[in-house]
Peer 1: 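Pasting a structure below so you can have a look.
We count ligands from 1, going down the list as the structure has it; atoms in each ligand are counted the same way. Residue indices begin at 1 and follow the sequence shown.
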Amino acid sequence: MSAAQTLLEFDDVHVHFPIREGLFKREVGRIRAVNGVSFEIKRGQAFGLVGESGCGKSTVARAALRLEEATSGSIRYAGEHVSLMLGPDMMDYRRKMQAVFQDPFSSLNPRQKAGQIIAEPIRVHGLKPPTEIKAEVHRLLDLCGLPRRFEGLYPHEMSGGQRQRIGIARALAMDPELIVADEAVSALDVSIQAQIITLLEDLQRDLGLTYLFIGHDLSVVRHICDHVAVMYLGRIVESAPSEVLFSNPTHPYTRALIDAVPNPDPAVEAGRHVEPLAGEVPSPANPPSGCVFHPRCPLATERCRIESPALLTVASEHSVACWNSPQAPDHPTTTQRTSS
Ligand SMILES: Nc1ncnc2c1ncn2[C@@H]1O[C@H](COP(=O)(O)OP(=O)(O)OP(=O)(O)O)[C@@H](O)[C@H]1O
Ligand SMILES: [Mg+2]
């Protein structure tokens with residue numbers, strides 16, 4: 001894959017949070033929120049990241065947005081190392097990558113009207129001459145399916161879906177290339193969710209956007225994403241094109257996640273037997289040895305308790321980190337790096 005096609009690339013990224021105690025705030029441990037994550041997002045792709053609460057999805061997003069520094073590993077954007085960007089390059093990077101979060105109520109200034117909220121980044125970054133800002137706000141409201149009168153409304157005067165449209169308009173005001181949508185539709189009612197998903201799909205098609213789409217609702221992620229990576233306890237355990245992941249899940253954790261999605265037909269659902277995953281997600285401050293999934297895995301063997309499986313390619317664009325996958329080597333020549 002050439003660097004021109006790859007927009008965002010994580011290579012063995014770790015984000016650890018120190019646990020400090022005592023008068024001198026001595027480091028007594030680390031929360032390994034992201035523990036050796038590698039992936040590539042191609043230009044124009046909708047890349048999904050799924051996994052249970054606390055597995056590190058938002059920390060991946062925050063590292064990409066440079067709201068969190070990576071402890072180790074490299075993050076590249078269009079081939080450039082993000083950690084080395086300075087001054088104007090950094091400003092440009094911050095413009096090109098915009099975030100839409102779960103709760104626009106807390107991310108929109110309650111004392112600003114929507115028109116000001118959308119205009120502010122345009123003004124601060126000097127993206128349009130002052131005389132053109134109003135027209136640009138109108139264009140963005142149109143683009144996000146809101147009547148122009150919304151420029152005079154405060155966030156509390158809108159519904160959740162309308163606020164999320166303002167959040168999207170504000171992100172688009174920066175003319176971004178990549179949108180990080182972290183649970184952007186999770187808090188909305190199902191019918192409103194569908195409308196916002198349609199909007200995101202339309203915008204992607206019309207503006208050529210790239211998405212890092214984070215969600216825990218697999219049916220939503222499946223609908224919107226071309227490629228999905230499954231995270232468990234700070235690692236990617238499986239990564240594949242959406243249709244492959246959902247039709248041929250290979251990692252036992254992916255299978256359990258997909259099995260847990262209820263069938264929309266109540267008659268089918270009533271006859272379905274789903275074996276729930278045993279146990280709880282372990283603490284990222286004290287991850288299990290070997291494969292981090294082994295304490296909950298129905299297929300775990302002695303090897304899984306000792307050695308960590310690498311994320312290996314099993315088919316085109318499909319990779320899995322599991323000793324039971326058909327491509328896993330017989331000998332542990334490619335164990336994942338773990339840092340202290
Ligand atoms: N600033 C921080 N300091 C300490 N620990 C943190 C910090 N941010 C996140 N964590 C911890 O890192 C782990 C991963 O958190 P993260 O928010 O990335 O998970 P997530 O997959 O987004 O979960 P959710 O689905 O609930 O949003 C969690 O155990 C969390 O408590
Ligand atoms: Mg999160």
Side-chain angles (χ1 to χ4, degrees), residues 8 10 12-22 25-39 41 47-73 75 97-107 164 167 171 178-188 193 196 200 211-222 224-225 228-239 245 251 253-254 256-258 260-261 277 279-288 292-293 295-296 311 321 338-340:
L8 182 67
F10 271 49
D12 198 24
V13 171
H14 293 245
V15 183
H16 296 174
F17 298 107
I19 305 168
R20 297 184 191 280
E21 272 177 18
K25 297 274 175 247
R26 201 167 55 85
E27 184 176 326
V28 293
R30 279 170 168 220
I31 295 168
R32 293 164 165 82
V34 174
N35 208 14
V37 161
S38 304
F39 61 84
I41 304 182
F47 186 97
L49 204 51
V50 300
E52 283 165 289
S53 183
C55 70
K57 304 179 297 293
S58 295
T59 308
V60 166
R62 292 174 60 78
L65 291 158
R66 277 204 84 179
L67 299 171
E68 218 73 77
E69 281 307 315
T71 312
S72 65
I75 302 174
M97 194 183 297
Q98 291 296 308
V100 178
F101 294 108
Q102 175 167 6
D103 178 12
F105 216 1
S106 64
S107 64
Q164 196 56 294
L178 193 149
I179 299 233
V180 178
D182 189 353
E183 308 276 5
V185 299
S186 306
L188 303 171
Q193 251 188 16
I196 300 294
L200 289 172
Y211 289 143
L212 170 53
F213 188 91
I214 293 170
H216 60 265
D217 185 334
L218 291 193
S219 48
V220 169
V221 173
R222 178 182 197 168
I224 200 165
C225 296
V228 178
V230 180
M231 277 188 83
Y232 185 79
L233 211 64
R235 287 163 188 254
I236 290 178
V237 296
E238 184 160 6
S239 176
L245 192 95
H251 196 285
Y253 180 61
T254 315
L257 275 188
I258 292 174
V261 177
L277 261 183
E280 299 281 313
V281 183
S283 163
N286 188 19
V292 285
F293 186 59
R296 301 174 80 191
L311 190 63
T338 49
S339 69
S340 59

Peer 1: Would you call Gly56 a ligand 1 contact, heavy-atom distance under 4.0 Å?
Peer 2: yes

Peer 1: Taking the six-membered ring for Trp, is the centroid-to-centroid distance between Phe293 and His251 below 6.0 Å?
Peer 2: yes

Peer 1: Could you identify the single nearest non-hydrogen protein atom to atom 30 (C) of ligand 1 and state the distance to 0.1 Å?
Peer 2: Ile31 CG2, 5.0 Å

Peer 1: Are any N, O or S atoms from Gln102 nearer to the Mg ion (ligand 2) than 2.8 Å?
Peer 2: no

Peer 1: How far is atom 1 (N) of ligand 1 from the closest protein heavy atom, and which atom is that?
Peer 2: Phe17 CE2, 3.6 Å

Peer 1: If you define the side chain from C-beta out and look only at heavy atoms, does anything of Arg62 sit under 4.5 Å from Val15?
Peer 2: no

Peer 1: Suppose we measure from atom 18 (O) of ligand 1 to each protein heavy atom; which comes out shortest, and what is that distance?
Peer 2: Thr59 OG1, 2.5 Å

Peer 1: Considering only heavy atoms from C-beta outward, does the side chain of Arg222 approach that of Val228 to under 4.5 Å?
Peer 2: no

Peer 1: Looking at Val221 and Gly48, what are the two nearest heavy atoms and their distance?
Peer 2: CG1-CA, 4.3 Å

Peer 1: For atom 14 (C) of ligand 1, which of Gly54, Pro18, Ala285 has the closest heavy atom?
Peer 2: Gly54

Peer 1: Is the count of non-hydrogen atoms from other residues, nucleotides or ligands lying under 6.0 Å from Glu280 atom CD greater than 12?
Peer 2: no

Peer 1: Among all protein heavy atoms, pick the one closest to atom 12 (O) of ligand 1 and tell me residue, atom and distance.
Peer 2: Ala33 CB, 3.3 Å

Peer 1: Quiz question for you: does at least one protein heavy atom lie closer than 4.0 Å to atom 9 (C) of ligand 1?
Peer 2: yes

Peer 1: Mark up the atoms of ligand 1 that fall under 4.0 Å of a heavy atom belonging to Ser58, in ascending order.
Peer 2: 17 (O), 18 (O), 20 (P), 22 (O), 27 (O)

Peer 1: Report yes if Pro284 has an N/O atom closer than 3.5 Å to an N/O atom of ligand 1; otherwise report no.
Peer 2: no

Peer 1: What I'd like to find out is whether the side chain of Thr71 reaches to under 4.5 Å of the side chain of Arg30, using heavy atoms alone.
Peer 2: yes

Peer 1: Taking the side chain as C-beta and beyond, is there a heavy-atom pair between Leu65 and Met97 under 4.5 Å?
Peer 2: yes

Peer 1: Of all the non-hydrogen atoms in the protein, which one sits nearest to atom 25 (O) of ligand 1, and at what distance?
Peer 2: Lys57 NZ, 2.8 Å

Peer 1: Could you check atom 24 (P) of ligand 1 against the protein and tell me its nearest heavy-atom contact, residue, atom and distance included?
Peer 2: Ser53 OG, 3.6 Å

Peer 1: Counting distance only, does the side-chain N/O of Gln164 pair as donor-acceptor with the main-chain N or O of Val185 below 3.5 Å?
Peer 2: no

